[in-house]
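Order of appearance sets the numbers: ligands from 1, and atoms from 1 within every ligand.
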Amino acid sequence: MRGGTKSRRVRASAEWVERPAPELSIVDAELWERVQARRTATGATFLRRMNGRLIGRPSGADVESPYLLSGIAECGECGGSLVAMMRSHGRQRMPFYGCLRYHKRGLHPCRNGLQIRQSVLDAALLDVLSAALEPDVIAESIDVAVAELRAGKGHGRAKSGYA
Ligand SMILES: [Zn+2]
């Protein structure tokens, strides 16, 4: 009580009195341990950029996936994961990529309902990748990097507009 009114103050954690209260727990200890192990394993699986930022994020689907881009590609609208989902196409059922946040309609649903056939998006990405890995392009990149090193520019990235 201060000046006739109740007030709260922060108590140092060293002064806290702790006692086990299993009857109040929301999840049991075994499930908690399994979730922590899963989070650790998933975090170790995803690629990281040089600065440690994660490339892609857990999609909620299994980490091993037959779909090239599931959990790696991002939705252009909300930045959430694209995941593969089976859809009817004529008489066949085939995998399409779509935004997970649109599909799950959670707390912050995405408005991007666009879906693209897995084979179409995978092929487009592989085309771009294979073009970028042409021997001529790689050789040119090495030449530029060597020229920059010789010019004393250190580890600078290759600039656009090659000489
Ligand atoms: Zn989205």
Checklist entry - Of the options Gln115, Gln92, Arg93, which is the one that meets Arg87 in a side-chain contact (heavy atoms from CB on, under 4.5 Å)? => result Gln115
Checklist outcome for this item: Contacts satisfying salt bridge (Lys or Arg N to Asp or Glu O under 4.0 Å) that involve residues 25-37 (not counting sequence neighbours) are Glu30-Arg34
Next on the checklist: I need the full list of salt bridge (Lys or Arg N to Asp or Glu O under 4.0 Å) pairs touching residues 114-133, with sequence neighbours left out, sorted by first then second residue.
Outcome noted: none
Next on the checklist: Below 2.8 Å, which protein N, O or S atoms neighbour the Zn ion (ligand 1), ignoring water?
Outcome noted: Cys75 SG, Cys78 SG, Cys99 SG, Cys110 SG
Item to check | Spacing of Tyr97 atom OH and Cys75 atom SG [to the nearest 0.5 Å] | outcome: 15.0 Å
Checklist entry - Should Leu126 and Leu68 count as side-chain neighbours, where that means a heavy-atom distance under 4.5 Å? => result yes
Item to check | Any residue meeting side chain to side chain contact (heavy atoms under 4.5 Å, CB included) with Gln36, in chain and number order, not counting sequence neighbours | outcome: Trp32, Arg39
